[in-house]
Trainee: 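Dumping the structure here so I can ask a few things about it.
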Amino acid sequence: MLVLGIETSCDETGVALYHSEQGLLGHELYSQVALHADYGGVVPELASRDHVRKLMPLIHGLLGDCQKELKDVSAVAYTAGPGLIGALMVGGAFATSLAFGLGIPAIGVHHMEGHLLAPMLEENPPEFPFIALLVSGGHTQLVSVTGVGQYALLGESLDDAAGEAFDKVAKMLELDYPGGPQVAKLAQKGNAQRFKFPRPMTDRPGLDFSFSGLKTFTLNLLQDEKDKHDPQYRADIAAGFQDAVVDTMVIKCRRAIQQTGLKRLIMAGGVSANLRLREKLEAMAVKEKAQVYYARPEFCTDNGAMIAYAGFQRLAAGEQNDLAIVSKPRWPLTELSEVKGIS
Ligand code: KG4
Ligand code: ZN
């Protein structure tokens, strides 16, 4: 089976080809960063229009690079949600029409299931069951995973997602969008100990998160115009903030390992590209005799490969959508159906 994956939930147009026996054949990504940069964040309408423009040339290029033709494709998987409704509808309409034209099935994939399964595309994939730390621009969740579609929520953010907090702090520091990687870069030159950022919700039991207090803490440090433009002061804020987010996530992951007894932890989503998080999570895992898994950086952030792979898993189990296009801007991961036989 050859699955064409299409990701258009936000500001990246991603396409990929996944083969049931040969694995990932190739993928292409077009990032809209330059398009949205002037606005300091994603403009949904511009995102939708750009997905319309980029999808066909990207797929054409992908097929050429993989020496495949449209007639070789046996199913189309697309991101059905959660995400920006217009952007989702572009991918959904495109994928479903293509599948209809080719007389093959289409399947709508949950974006976070895509992220969650992305580490499976790497050389030493984790075996089920495991704990997943999902950290993206819209989600921060700890999930107990027993198989594809078998997800139990252990905890989640009560306010901002981790990536969202990174992006907002980046804005306060007048860094370019998308903020996460910029804050991480600035943090490399900073002293994380200078400001005593809190580790929210770690002093009480439970696996939920809250990051909005860290934003307020940052804002209070940036009241003075002179400080705000002092390079070392800024770098120290970035480092302090990053460590506060990272330490909080590491503490909660350790707790999840201890509570569940599971010794495998995967992290996925844009923030899992953060090197400090990887470093501190690895160190914690060594102490807990646990194993940490994550995707290569390009598959941590949005991409078509994870959608092709997640779609393949569900198609292989006999699932498919009819011709009605599925686009769900809000869609809890725990509503997904269990994929039988894969656990
Ligand atoms: O998974 P993703 O590409 O899109 C969503 O599904 O939301 O995640 C994007 C988020 C953004 O908030 C971005 O700032 C953050 O991931 N991000 C990072 C890093 N790379 C991306 N945050 C911290 N450190 C990074 N290196
Ligand atoms: Zn994402």
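Every number for a ligand or one of its atoms is a count from 1 in the order of the listing.
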Trainee: Given Gly269, Gly270, Ala187, which has its nearest heavy atom closest to atom 21 (C) of ligand 1?
Mentor: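 Result: the heavy atom closest to atom 21 (C) of ligand 1 is in Gly270.
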Trainee: Got more than 12 heavy atoms from elsewhere within 6.0 Å of NZ, Lys171?
Mentor: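 Atom NZ in Lys171 is not crowded, with 12 or fewer foreign heavy atoms closer than 6.0 Å.
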Trainee: What are the protein N/O/S atoms, named by residue and atom, that sit under 2.8 Å from the Zn ion (ligand 2)?
Mentor: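 Protein N, O or S atoms closer than 2.8 Å to the Zn ion (ligand 2): His111 NE2, His115 NE2, Asp302 OD1.
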Trainee: Closer than 4.0 Å to some heavy atom of Gly163 - which atoms of ligand 1 meet that?
Mentor: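 Under 4.0 Å from Gly163, ligand 1 has these atoms: 12 (O).
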Trainee: Tell me whether Gln67 at atom CD has more than 12 heavy atoms from other residues, nucleotides or ligands lying less than 6.0 Å away.
Mentor: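 Atom CD in Gln67 is not crowded, with 12 or fewer foreign heavy atoms closer than 6.0 Å.
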Trainee: Between Gly137 and ligand 1, does any nitrogen or oxygen pair lie at a separation below 3.5 Å?
Mentor: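 Such a contact does occur with ligand 1.
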Trainee: Using the salt bridge (charged side-chain N to carboxylate O under 4.0 Å, His left out) criterion, which residues pair with Glu28? Sequence neighbours excluded.
Mentor: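 Expected list: none.
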Trainee: Side-chain heavy atoms nearer than 4.5 Å, only ILVMFWY residues, links allowed to pass through others: does that put Phe241 and Phe211 together?
Mentor: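 In one cluster: yes.
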Trainee: Can you name the side chain to side chain donor-acceptor pair (under 3.5 Å) partners of Glu282, sequence neighbours left out?
Mentor: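 For Glu282 the side chain to side chain donor-acceptor pair (under 3.5 Å) partners, ignoring immediate neighbours, are Tyr294.
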Trainee: Between Asn274 and ligand 1, is there a nitrogen or oxygen pair with a distance under 3.5 Å?
Mentor: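 Between Asn274 and ligand 1 (N or O atoms, distance only) the closest approach is under 3.5 Å.
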Trainee: Looking at atom 22 (N) of ligand 1, what's its closest protein heavy atom, distance included?
Mentor: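 The closest one turns out to be Gly180 CA, 3.4 Å.
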Trainee: Please indicate whether any nitrogen or oxygen in Pro181 is less than 3.5 Å from any nitrogen or oxygen in ligand 1.
Mentor: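 No: no nitrogen or oxygen of Pro181 is under 3.5 Å from one in ligand 1.
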Trainee: Assess the side chains of Tyr151 and Glu113: does a donor N or O sit below 3.5 Å from an acceptor N or O?
Mentor: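 Their side chains do contain a donor-acceptor pair, which is all the 3.5 Å distance test asks for.
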Trainee: Examine Asp302 against ligand 1 and note whether any of their N/O atoms are separated by less than 3.5 Å.
Mentor: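 Right, the criterion is met.
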Trainee: State whether the number of non-hydrogen atoms from other residues, nucleotides or ligands found under 6.0 Å of Met201 atom CE is greater than 12.
Mentor: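 Enclosed: over 12 neighbouring heavy atoms sit under 6.0 Å from CE of Met201.
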Trainee: With a cutoff of 4.0 Å, is His115 in contact with ligand 1, counting heavy atoms of the residue only?
Mentor: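 Flag set, His115 near ligand 1.
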Trainee: Using modelled atom types and a 3.5 Å cut-off, is there a donor and acceptor pairing between side-chain atoms of Arg278 and backbone atoms of Ser272?
Mentor: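 Between the backbone of Ser272 and the side chain of Arg278 there is a qualifying donor-acceptor contact (under 3.5 Å).
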Trainee: Starting from atom 11 (C) of ligand 1, find the nearest protein heavy-atom neighbour and note its residue, name and distance.
Mentor: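 Minimum-distance protein heavy atom for atom 11 (C) of ligand 1 reads Asp167 OD2, 3.5 Å.
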Trainee: Counting non-hydrogen protein atoms only, what is the nearest one to atom 6 (O) of ligand 1? Give residue, atom name and distance.
Mentor: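 Nearest protein contact, heavy atoms only, for atom 6 (O) of ligand 1 is His111 NE2, 3.1 Å.
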Trainee: Who pairs with Glu338 by side chain to side chain donor-acceptor pair (under 3.5 Å), at least two apart in sequence or on another chain?
Mentor: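 If we apply the side chain to side chain donor-acceptor pair (under 3.5 Å) test to Glu338, skipping adjacent residues, there are no hits.
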Trainee: Report yes or no: does Gly138 have a heavy atom closer than 4.0 Å to ligand 1?
Mentor: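 For ligand 1, residue contact (heavy atoms, under 4.0 Å) with Gly138 is present.
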Trainee: Check the surroundings of atom CG in Leu275: do more than 12 heavy atoms from other residues, nucleotides or ligands lie under 6.0 Å from it?
Mentor: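 Count not over threshold, so no.
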Trainee: Pick from Asp160, Asp159, Asn220: which one makes a side chain to side chain donor-acceptor pair (under 3.5 Å) with Lys215?
Mentor: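 With Lys215 as partner, Asp160, Asp159, Asn220 yield a single side chain to side chain donor-acceptor pair (under 3.5 Å), made by Asp160.
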Trainee: Look only at the side chain of Ser31 and the backbone of Glu12, and say whether a donor-acceptor pair between them is shorter than 3.5 Å.
Mentor: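 Not a single qualifying donor-acceptor pair exists.
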Trainee: Looking only at distance, does Ala184 have an N or O less than 3.5 Å from an N or O of ligand 1?
Mentor: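 No: no nitrogen or oxygen of Ala184 is under 3.5 Å from one in ligand 1.
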